[in-house]
Amino acid sequence: MLEHDVIIVGGGLAGSRAAVEIARTDPSLNIAVIAKTHPIRSHSVAAQGGIAATLNNVDPEDTWEAHAFDTVKGSDYLADQDAVEILAKEAPDVIIDLEHMGVLFSRLPDGRIAQRAFGGHTHRRTCYAADKTGHAILHELVNNLRRYGVHIYDEWYVMRLILEEGEAKGVVMYNILDGTIQVARAKAVMFATGGYGRAFNTTSNDFASTGDGLAMSALAGIPLQDMEFVQFHPTGLYPVGVLISEAVRGEGAYLINSEGDRFMKNYAPGKMELAPRDITSRAITLEIRAGRGINRDGTAGGPFVYLDLRHMGREKIMSRIPFCWEEAHRLVGVDAVVEPMPVRPTVHYSMGGIPTNTDGRVLASADSLVDGLFAAGEAACVSVHGANRLGSNSLLECVVYGKRTGAAIAQFVQNRKLPNVNESHYLQEAKNQVQELLDKSGDCRIGQLRQEFQDAMTLHCGVFRTEDVMQEGLNQLQICRERYQNIYLDDRGKLWNTEVIEALELRNIMIVGEMILTSALNRRESRGAHSREDYTTRDDQNFLKHTLAYYSQAGIDLAYRPVAITMFEPQERKY
Ligand SMILES: Cc1cc2nc3c(=O)[nH]c(=O)nc-3n(C[C@H](O)[C@H](O)[C@H](O)COP(=O)(O)OP(=O)(O)OC[C@H]3O[C@@H](n4cnc5c(N)ncnc54)[C@H](O)[C@@H]3O)c2cc1C
């Protein structure tokens with residue numbers, strides 16, 4: 001059996017930052033990072049627009065309180081304000097620390113870190129490295145993992161969390177290279193497994209964003225919090241769905257309908273294109289529904305709107321957002337210097353996740369903790385984003401809460417013994433699970449079932465929702481679950497069998513999908529990204545609370561827990 005003091009599942013920004021903090025706090029600890037991709041291929045590497053912090057390099061009057069208020073207002077008052085306070089207050093220090101590690105931020109002429117405007121933020125506080133911010137930060141963090149001697153298991157797929165009697169003891173993992181299965185035990189386990197964008201058919205997320213950490217937690221009996229809040233990013237490139245960063249609008253681009261109108265004036269006159277994402281995604285969806293979308297031949301009534309950069313000029317486009325220009329050019333043949341880009345909302349971010357306290361410790365229920373289990377980053381829900389995340393607050397959350405969770409883990413494992421784990425039991429169980437998949441002889445290909453599931457989620461749990469539509473979504477999911485019994489794998493070998501991984505991932509996103517739909521059905525109000533056409537207003541009286549969804553084979557149970565309101569009383573949210 002493998003043994004480490006600490007096991008971190010996930011090598012993205014949250015997992016890497018936590019590992020660095022543990023190593024800095026106690027260099028004697030034996031730390032492992034396990035990732036199904038290589039760590040520098042984690043989705044964090046694709047983050048474009050930037051990371052928020054009140055450095056005051058561009059707007060001297062900005063304050064952490066203003067950052068906290070924008071975040072809480074953006075969250076439609078569902079964020080826990082104690083967690084937001086920590087996020088905003090600690091932001092400048094974590095950025096300076098990243099700079100000291102060597103992260104190559106874009107600069108002002110005087111050499112200080114440059115900052116740009118971002119949706120829902122009242123000041124220019126988003127630090128960036130052109131439109132490749134995640135790339136710049138993650139590479140430096142992963143370099144540091146090597147420097148601190150962190151043991152990296154790359155391209156190992158974690159299949160199961162070992163949790164017995166309220167205590168996390170380790171994980172079971174599968175080596176994608178050769179199919180070897182190993183049990184690993186540790187004094188503390190952390191999940192930093194990222195989001196679940198692949199539960200939908202159009203997403204900005206990478207192929208690995210399949211909500212594995214969420215599903216493994218749910219299967220172990222841990223509740224998932226606020227799963228109904230799925231962020232649709234307004235500007236996914238049509239038809240592929242990849243992201244065109246909000247930084248493009250931060251730098252001045254317009255959203256235009258088929259009539260050539262900057263339609264955001266009808267939805268958020270005070271903020272225009274820089275309204276928060278939930279509002280902008282709804283605006284685009286309504287324009288398309290009203291027949292003011294655009295077709296590929298330029299006629300009205302089509303499935304997308306235009307993101308127009310032409311007035312910005314070649315030099316600004318190429319220096320501030322070169323990657324977005326390149327994406328549109330490479331993927332849909334649009335030269336954004338002379339033509340507008342076709343865009344529409346795309347699934348982007350998971351506001352909900354594994355509930356934690358502000359030290360990253362995972363909640364077992366509304367008022368109890370799991371022993372030895374931690375989570376941070378997109379997989380976690382601490383909750384700083386509530387019902388809607390502001391752009392450039394997620395990278396920040398990964399770094400602030402990755403660091404805090406790392407510090408808490410380093411303390412937690414002191415004087416703690418390795419837990420007892422029945423290795424052969426878990427090995428046998430995992431081997432049986434894989435063998436069962438290899439032996440399946442149904443008539444349904446994994447790719448086909450995944451597509452059917454993703455289509456069902458997209459159709460039945462989109463930007464706008466109603467009871468009937470979501471109920472039908474749950475029926476469709478039930479059909480998908482039954483069809484899963486009937487899958488088959490073409491590849492029955494051991495070496496690099498990606499089909500085994502796809503089958504395990506599909507089971508996971510289907511669990512996540514059911515949690516999303518069930519939580520969404522039961523929130524009978526509209527708040528942030530959860531927009532119901534049958535309950536069109538926010539209902540603080542009944543729903544100013546977090547959802548906790550508990551999974552079991554028999555069905556999903558829901559409970560609720562209060563929101564921490566420490567600074568700002570809920571108000572009507574207007575932009
Ligand atoms: C295109 C794009 C652009 C973005 N731009 C911005 C931005 O400009 N600013 C901002 O604040 N946010 C942005 N975001 C959001 C932000 O990048 C993510 O929320 C954040 O990077 C998530 O980091 P993470 O560490 O939580 O997870 P990830 O970076 O997703 O890493 C997850 C890790 O878990 C591992 N893993 C998952 N499952 C398993 C398993 N079963 N076994 C082993 N390993 C596993 C993966 O291999 C990976 O290493 C963007 C997101 C996207 C998709």
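Quick note: residue numbers are just sequence positions, from 1. Remember, it's 1-based here, ligands and their atoms both numbered in the order they're listed.
Around atom 14 (N) of ligand 1, the closest heavy atom drawn from Gln48, His43, Arg389 belongs to Arg389. Among Ala247, Ala129, Gly49, the residue whose heavy atom lies nearest to atom 8 (O) of ligand 1 is Gly49. With distances taken over non-hydrogen atoms, the option nearest atom 21 (O) of ligand 1 out of Gly250, Gly236, Ser44, Gly195 is Ser44.
The existence of a salt bridge linking Arg24 and Asp97 is confirmed by a sub-4.0 Å separation between a basic side-chain nitrogen and an acidic carboxylate oxygen.
Heavy atoms of Gly213 stay at 4.0 angstrom or farther from ligand 1. Under a 4.0 Å heavy-atom criterion, Ile34 is in contact with ligand 1. The closest approach between a heavy atom of Ala208 and any atom of ligand 1 is not below 4.0 Å. In this structure, Ser392 counts as a contact residue of ligand 1, since one of its heavy atoms falls inside 4.0 Å of the ligand. Proximity of Pro39 to ligand 1 is not established, as no heavy-atom distance is less than 4.0 Å. Residue Gly391 places every heavy atom at 4.0 Å or more from ligand 1. Not a single heavy atom of Thr133 lies less than 4.0 angstrom from ligand 1.
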Exercise answer: donor-acceptor pairs, residues 113-120 side-chain atoms, under 3.5 Å, sequence neighbours excluded:
residue: Gln115; atom: OE1; partner: Asn57; partner atom: N; Å: 3.0
residue: Gln115; atom: NE2; partner: Ala53; partner atom: O; Å: 2.8
residue: Gln115; atom: NE2; partner: Arg125; partner atom: O; Å: 3.0
residue: Arg116; atom: NE; partner: Glu251; partner atom: OE2; Å: 2.8
residue: Arg116; atom: NH1; partner: Gly49; partner atom: O; Å: 2.9
residue: Arg116; atom: NH1; partner: Ala130; partner atom: O; Å: 3.2
residue: Arg116; atom: NH2; partner: Glu251; partner atom: OE2; Å: 3.1
residue: Arg116; atom: NH2; partner: Arg320; partner atom: O; Å: 3.2

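Ala529 approaches Met351 most closely through the heavy-atom pair CB-CE, 3.7 Å.
With a 4.0 Å heavy-atom cut-off, ligand 1 is reached by the backbone of Asn393 but not by any atom from C-beta on. Here Trp156 has backbone heavy atoms under 4.0 Å from ligand 1, and that is the only part of it that gets that close. The proximity of Ala192 to ligand 1, defined as any non-hydrogen pair under 4.0 Å, is limited to the backbone. Residue contacts with ligand 1, taken as heavy atom pairs separated by less than 4.0 Å, involve His348 solely via side-chain atoms from C-beta onward. Under 4.0 Å from ligand 1, the heavy atoms of Leu243 that appear belong solely to its side chain.
Of the protein's non-hydrogen atoms, Thr37 OG1, 2.8 Å is the one closest to atom 47 (O) of ligand 1. In this structure, atom 6 (C) of ligand 1 lies nearest to the protein heavy atom Ala47 CB, 3.5 Å. At the top of the distance list for atom 37 (C) of ligand 1, counting protein heavy atoms only, stands Thr193 O, 3.4 Å. Nearest non-hydrogen protein atom to atom 9 (N) of ligand 1 is Gly50 O, 2.8 Å. Looking at atom 10 (C) of ligand 1, its nearest protein heavy atom turns out to be Leu395 CG, 3.3 Å.
No hydrogens or angles considered: a donor-acceptor pair under 3.5 Å links the side chains of Ser204 and His348. Of the N and O atoms on the side chains of Gln231 and Asn388, at least one donor lies less than 3.5 Å from an acceptor on the other residue. No side-chain donor from either of Asp80 and Ser383 sits under 3.5 Å from a side-chain acceptor of the other.
In this structure, Lys73 satisfies the cation-pi test against Tyr575, with its NZ or CZ atom closer than 6.0 Å to the six-membered ring centre and inside 45 degrees of the ring normal.
When ring centroids are compared, Phe69 and His67 stay outside the 6.0 Å threshold.
Inclusion of Leu396 in the set of residues having an N or O under 3.5 Å from an N or O of ligand 1 is not warranted. Considering both main-chain and side-chain atoms, Ala46 never comes within under 3.5 Å of ligand 1 through any nitrogen or oxygen pair. Residue Ser204 has no nitrogen or oxygen atom sitting less than 3.5 Å from a nitrogen or oxygen atom of ligand 1, judged on distance alone.
Close approach of ligand 1 to Asn205 (heavy-atom distance below 4.0 Å) involves ligand atoms 53 (C).
The distance from the CG atom of Asp491 to the CD atom of Glu502 is 10.0 Å, given to the nearest 0.5 Å. Met515 CE to Tyr196 OH: the interatomic distance, rounded to the nearest 0.5 Å, is 11.5 Å.
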Step by step, would you call His385 with Tyr349 a side chain to side chain contact (heavy atoms under 4.5 Å, CB included)?
CA-CA 10 Å; His385 311 302; Tyr349 184 79; 3.2 Å; yes
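Leu506 pairs in a side-chain contact (heavy atoms from CB on, under 4.5 Å) with only one of the listed residues (Asn508, Leu504, Ile509), which is Ile509.
In Lys494, the NZ atom is not crowded: 12 or fewer heavy atoms of neighbouring residues, nucleotides or ligands sit closer than 6.0 Å. Heavy-atom contacts from other residues, nucleotides or ligands closer than 6.0 Å to CG of Leu427 number more than 12.
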